[in-house]
Amino acid sequence: MGKKTMQPRIIFHVDMDAFFASVEQRDHPEYRGKPLVIGGLAGRGVVSTCSYEARRYGVHSAMPMGEAQRRCPQAVFLPGDYARYREASAEVFQVFTAFAPVVEPLSIDEAFLDMTGMERLIESPRAYAVRLKEEIRQRVGLVASIGIAPNKFLAKVASDLEKPNGLVVVPPDAAGVRAFLWPLPVRRIWGGWREDGPASCGAPCAHGRRPRTHGFRAAAGAVRREDSGAAARALLWSR
């Protein structure tokens with residue numbers, strides 16, 4: 001009897017685009033199309049999130065609010081309504097649970113959806129993701145980006161590539177994964193890289209500092225040279 005071949009997992013990473021800012025723009029038409037920054041407005045406050053209009057001026061999450069005000073003084077600055085954001089999050093997650101048998105929250109505005117085993121119930125992962133995005137838009141009035149891949153790590157990388165309103169599918173075979181990953185800059189890696197090298201290597205790493213735009217292929221080679229090949233393989237294939 002032949003060896004049973006395991007089917008690749010089907011993991012969606014769904015990430016709401018500029019979630020807090022998008023909720024404000026949904027509920028306040030006067031904010032639409034304008035730079036919008038949400039965060040601490042007093043003392044040493046920082047940016048919690050901002051609209052894509054504000055990002056064009058170099059504003060980003062975790063930036064000191066004073067710097068954001070210098071870069072984009074014409075923006076609308078708000079302290080945020082976190083009770084309303086939680087309500088919107090609950091509505092989004094209701095859609096998730098209607099579409100997926102397994103939902104793993106990652107934060108208030110993102111989750112992993114495990115679609116493995118649903119192959120015969122859906123037309124295709126991409127088409128199902130299009131339906132999911134449309135359901136979120138219709139029911140909650142917000143836009144999501146989705147990455148689809150054979151594991152969580154790759155799905156999360158994919159969801160970030162074509163924001164806002166993105167949809168990226170990573171092929172499940174080894175050659176397709178390499179073709180997807182190798183051209184990407186290291187800054188696209190989440191949870192395992194910082195400017196001075198792989199987090200598992202310590203700081204600084206023996207191979208020295210590498211720019212955040214260094215290619216993933218070279219970075220993976222650096223990890224292997226640090227005798228962390230097993231960890232790198234686990235990162236790519238088992239999460």
Point-to-point distance, once rounded to the nearest 0.5 Å, from NZ of Lys152 to CG of Leu106: 9.0 Å

With Val37, the side chain to side chain contact (heavy atoms under 4.5 Å, CB included) member among Leu78, Val59, Thr49: Val59

Glu119 side chain to Gly117 backbone, donor-acceptor under 3.5 Å: yes

Expected output: side-chain Arg44 to main-chain Gly66 donor-acceptor under 3.5 Å: no

Same apolar cluster (I L V M F W Y, side chains within < 4.5 Å links), Phe77/Ile38: no

Between CE on residue Met63 and CZ on residue Arg71, distance to nearest 0.5 Å: 3.5 Å

Aromatic centroids of Tyr128 and Phe99 separated by under 6.0 Å: yes

Partners passing salt bridge (charged side-chain N to carboxylate O under 4.0 Å, His left out) against Glu87 (at least two apart in sequence or in another chain): none

Residue pair Pro35 / Tyr57: nearest heavy atoms and the distance that separates them: CG-CE1, 4.2 Å

Parallel, tilted or perpendicular, as decided by the 30° and 60° cut-offs, for the rings of Tyr31 and His28: tilted

Taking every non-hydrogen atom, the tightest pair across Gly166 and Ser145: N-OG, 2.9 Å

Close side-chain approach of Arg139 and Glu91, heavy atoms under 4.5 Å: no

pair Ile148-Met115: side-chain heavy atoms closer than 4.5 Å: no

ring-ring contact (aromatic ring centres under 6.0 Å, His included) evaluation trace for Phe96 with Phe12: CA-CA 10 Å; Phe96 291 167; Phe12 287 17; over 10 Å; no

Gap between atom CG of Asp109 and atom CG of Leu142 - 0.5 Å precision: 10.0 Å

Check: His60 main-chain N/O paired with Arg55 side-chain donor or acceptor under 3.5 Å: no

Those residues that, when tested against Arg70, pass side chain to side chain contact (heavy atoms under 4.5 Å, CB included) (two or more places apart): Glu67

Under 3.5 Å: donor-acceptor pair, side chain of Ser89, backbone of Tyr85: no

4.5 Å side-chain heavy-atom contact, Lys133 and Ile146: yes

All side chain to side chain contact (heavy atoms under 4.5 Å, CB included) counterparts of Ser51, not counting sequence neighbours: Ala21, Gln25, Leu36, Glu53, Ala54

Any Leu154 side-chain heavy atom under 4.5 Å of Val177 side chain: yes

Check ion pair Asp15-Lys163 (N to O, under 4.0 angstrom): yes

